[in-house]
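Here the structure comes first, spelled out in structure tokens, and everything after it is commentary.
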Amino acid sequence: MSDTLHSADDNSNRSGNTTFESILQQRLARRDVLRGGLSVAATSMFGGFALVGCGGSSNGGGGGDPVATPDALGFSAVPKNLSDRVTLPAGYSARALYAFGDPISATVSDFSNDGTDGDSALRAGDQHDGMYYFGLSDSGTADHNNSSRGLLCINHEQVLDDYIHANGQRNVDANGNRLAAEVVKEMNAHGVSVIEVRDGASGWEYVQDSSFNRRVTAFTNMNITGPARGNARLTTPYSSGGTRTRGTLNNCGHGYTPWGTYLTCEENWFSYFRRDDDMAQRSLADNALFARYGMGPDSRGFSYRDWDTVSGDVYTRFDITVKAASAAADYRNEPNTFGYIVEIDPYSATSTPQKRTALGRFVHEGAWVGPVRAGQPIVYYMGCDSRFEYIYKYVSNANWDPADAVAGLTAGDKYLDDGKLYVARFNADGSGDWIELGFGLNGLNADNSLFPFTNQGDICVATRLAADAVGATQMDRPEWGAVNPVNGEVYMTLTNNTARTAVDATDAANPRNYARSGTGATNGNPNGHTIRWREDGDNVGATSFTWDIYLFGAPANADPSLANVSGLTDDNDHSSPDGLWFDNRGVLWIQTDDGEFPGAGRSNNQMLAALPGSVGDGGPRTIGSQATVVGAPATPDTVRRFLVGPVGCEITGVDMTPDNRTMFVNVQHPGEGGSLDEPRSTWPSNSRNALVSGETGNRPRSATIVITRDDGGEIGL
Ligand code: FEO
Ligand code: CA
Ligand code: CA
């Protein structure tokens with residue numbers, strides 16, 4: 001989603017967990033001692049051999065070969081620009097592969113792109129986001145090593161109203177109710193696409209009539225699994241037992257599993273609902289819960305589209321006001337069935353998606369698997385993308401059995417329904433702790449003053465309140481995570497936080513506070529940073545870690561003491577890092593969502609490639625008055641711009657084929673900020689390489705692009 005749509009409403013964390021001030025003074029000396037000791041230990045433990053195996057690799061299979069960070073990037077930096085096209089280094093080409101509205105069935109007509117197209121359930125959704133390539137064998141089974149045929153799973157986060165309807169706006173009937181056909185189109189534009197893609201005679205294309213093609217939407221039936229399954233707070237008229245729900249919403253980042261399934265992640269799901277003032281009809285605990293998730297009394301979320309004004313309970317459920325005598329008779333609990341990690345089997349178009357509640361309920365950006373090793377737990381790293389929210393970790397109780405590698409959703413039942421959930425505390429000395437969110441632990445019980453937790457299911461529904469209660473560290477909007485296949489270290493973008501305005505509200509892990517380039521106001525952390533950590537003992541299940549800040553976003557000409565701390569230049573300056581991905585060679589890809597990088601040196605959003613070092617390759621640093629720990633400075637040799645997108649877009653979502661010769665990237669909401677009368681972009685129809693057969697209009701369309709090197713070589717190196 002556009003950064004601009006993360007409104008101030010998304011800061012509902014009032015817990016006051018700032019944590020660091022009291023220990024600020026005592027930590028410096030201890031940190032220096034600690035870090036010196038740890039860097040020696042880390043060197044001896046790693047000794048140059050790969051710890052990750054398949055877990056950190058792009059595509060989940062194989063593994064075992066040592067991975068070393070490549071010596072050098074192999075392309076010239078792309079200049080910042082404001083062109084309405086995809087800009088790549090010399091020797092690279094891109095074209096649109098799968099754009100909003102494209103048909104995924106032989107029976108559906110080409111997309112005219114004038115707002116009149118029907119069959120939205122069998123067309124590409126809008127606002128492509130997180131994405132994963134699953135290799136497919138010639139016989140149509142899973143083949144993690146196939147680089148010429150696969151299934152792309154693609155999230156569709158949101159809808160751009162300006163271009164989806166015939167006249168460029170939402171329309172209502174004589175009673176002020178939304179037109180059902182428009183609401184159906186909007187709900188179908190959300191969710192996930194599963195599409196077959198092939199490298200054919202004329203290059204990469206999606207297979208319109210593949211039997212694997214599928215749309216998961218805001219209508220799709222889903223099971224609820226894990227500790228919150230059957231919890232009384234999930235009772236609805238649709239599922240009195242609290243075991244099922246319909247649809248997934250605001251699918252932002254993603255994840256994959258070592259057993260061949262896709263994870264889609266529900267981010268700003270709370271923003272679709274309407275709640276009137278029913279405070280008196282709800283319990284104290286329910287009022288606390290709904291307020292903490294941005295749904296206080298008499299509220300309309302920032303994505304509220306009056307879907308509830310269409311008749312039928314699949315629509316009216318978006319009004320969550322208490323109206324009846326019980327939760328089985330109105331949709332007061334509907335939002336409690338959203339906010340989860342959702343598992344989808346891409347190889348079975350008829351399988352039922354599973355909402356895996358054990359991984360907690362919050363504004364889920366994505367879920368990134370840790371190093372996968374036989375006999376050890378499966379671990380996921382996750383962030384809650386709102387201001388002052390937290391970073392989480394899930395550790396399965398079952399240990400990984402490689403025999404489960406093709407077990408699909410059955411393995412999901414084993415590894416994702418039963419585990420321990422943790423939240424991160426980043427200590428000022430460069431150490432960190434994973435605090436367990438387990439029922440009966442750390443004060444998470446019925447006597448808790450924030451919320452009465454009576455079982456683990458309650459923690460999995462009211463996860464933010466549990467994290468508040470244990471003193472987790474409030475972060476500058478956690479976005480994507482990525483795990484380095486070279487050494488198992490975990491990276492996570494913290495995209496920005498303009499609400500962290502006061503110097504005394506900074507902390508070591510979120511240390512910056514300065515005025516954004518071109519503005520006069522003190523403005524918190526407007527450009528974002530990327531943090532990283534290494535689990536103690538390189539144990540995926542560790543409850544402590546060591547961290548530093550890998551990279552700070554900033555304009556190249558910004559103050560190097562407060563803003564451009566990493567020493568960025570015109571070749572690599574960026575702002576608001578969001579998408580993040582390690583390929584299987586150890587190259588880190590960084591994508592941005594920054595409303596076109598205002599200030600001097602403006603540019604459309606972009607993607608950079610990087611060759612990172614490791615935790616501890618820099619050292620202590622004081623930014624303003626805030627002490628922190630930073631990584632080695634960036635140089636154009638280690639961080640370099642690879643791609644700039646068209647006007648108004650966000651670049652988000654990236655994967656490659658296992659041979660690293662084909663890259664898929666998503667261009668989300670080109671033309672945002674424009675209108676049908678004054679569109680800011682006509683991409684991709686303005687691109688001579690676009691696949692737009694049958695298109696008569698030229699409205700901007702979100703799309704997956706496919707990038708190849710003209711000489712057929714590996715991307716980036
Ligand atoms: Fe949908 Fe947090 O970006
Ligand atoms: Ca974002
Ligand atoms: Ca994002």
Side-chain angles (χ1 to χ4, degrees), residues 1-13 125-132 154-160 189-192 248-255 263-272 293-294 301-303 338-342 362-368 381-392 464 475-482 491-499 525 527-531 553 574-581 589-595 605-608 645 648-655 665-669 672 702 704:
M1 165 187 295
S2 162
D3 193 64
T4 55
L5 291 180
H6 282 275
S7 71
D9 294 347
D10 69 9
N11 170 19
S12 55
N13 189 348
D126 202 359
Q127 301 220 9
H128 303 38
D129 205 312
M131 172 170 57
Y132 193 82
I154 302 165
N155 287 346
H156 299 291
E157 186 181 27
Q158 258 283 9
V159 171
L160 213 51
H190 286 73
V192 177
T248 184
L249 286 170
N250 212 257
N251 305 93
C252 191
H254 73 295
L263 301 178
T264 189
C265 305
E266 301 183 321
E267 192 190 22
N268 292 303
W269 49 271
F270 64 92
S271 66
Y272 292 79
Y293 283 82
F302 57 79
S303 302
F338 289 84
Y340 300 106
I341 302 294
V342 184
F362 39 91
V363 175
H364 267 296
E365 179 72 20
W368 293 280
Y381 297 99
M382 305 172 287
C384 178
D385 180 10
S386 295
R387 297 165 187 163
F388 303 110
E389 292 295 342
Y390 308 123
I391 291 172
Y392 297 84
R464 279 179 162 182
M475 311 300 289
D476 287 345
R477 290 189 51 201
E479 293 262 16
W480 287 43
Y491 288 61
M492 191 168 280
T493 52
L494 301 166
T495 195
N496 57 55
N497 187 347
T498 51
N525 175 14
N527 298 122
H529 57 286
T530 302
I531 199 166
H574 64 279
S575 181
S576 300
D578 187 337
L580 194 69
W581 176 64
W589 299 86
I590 304 166
Q591 303 175 313
T592 68
D593 173 16
D594 191 26
N605 275 306
Q606 57 178 293
M607 181 168 74
L608 307 111
C649 81
E650 171 182 346
I651 299 296
T652 180
V654 52
D655 202 356
V665 171
N666 285 328
V667 175
Q668 188 188 66
H669 63 64
E672 187 189 54
S702 295
T704 301

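Note that ligands are numbered from 1 as they come in the structure, with each ligand's atoms numbered from 1 the same way. No hydrogens, no waters, no symmetry mates; every other heavy atom, side chains included, goes into these values. Bear in mind that the values here come from a model prediction, so they are computed numbers and not experimental data.
Taking the N/O/S atoms of Asp385 in turn, the shortest distance to atom 2 (Fe) of ligand 1 belongs to OD2. The closest approach of Glu479 to the Ca ion (ligand 3), by N/O/S atoms, is made by OE1. For Glu479, the N/O/S atom at the shortest distance from atom 2 (Fe) of ligand 1 is named OE1. Summary: OE1 is the N/O/S atom of Glu365 found nearest to atom 2 (Fe) of ligand 1. In Asp578, the N, O or S atom that comes nearest to the Ca ion (ligand 3) is OD1. For Glu267, the N/O/S atom at the shortest distance from atom 1 (Fe) of ligand 1 is named OE1.
Contacts of His190 classified as ring-ring contact (aromatic ring centres under 6.0 Å, His included), with partners at least two apart in sequence or in another chain: Tyr272, Trp307.
Once rounded to the nearest 0.5 Å, the distance linking CD of Gln158 with CG of Leu249 reads 9.0 Å. Interatomic distance, CG of Asp655 versus CE of Met131, reported as 6.5 Å (0.5 Å rounding). Note that CG of Asn155 is 9.5 Å distant from CG of Asn250, once rounded to the nearest 0.5 Å.
Put simply, the side chain of Thr495 never gets that close to the backbone of Gly528: no donor and acceptor are under 3.5 Å apart.
In this structure, Tyr132 and His254 have tilted ring planes: the angle between them lies in the 30° to 60° band.
With a cut-off of 3.0 Å, the Ca ion (ligand 3) has an N, O or S atom of Glu365 in range.
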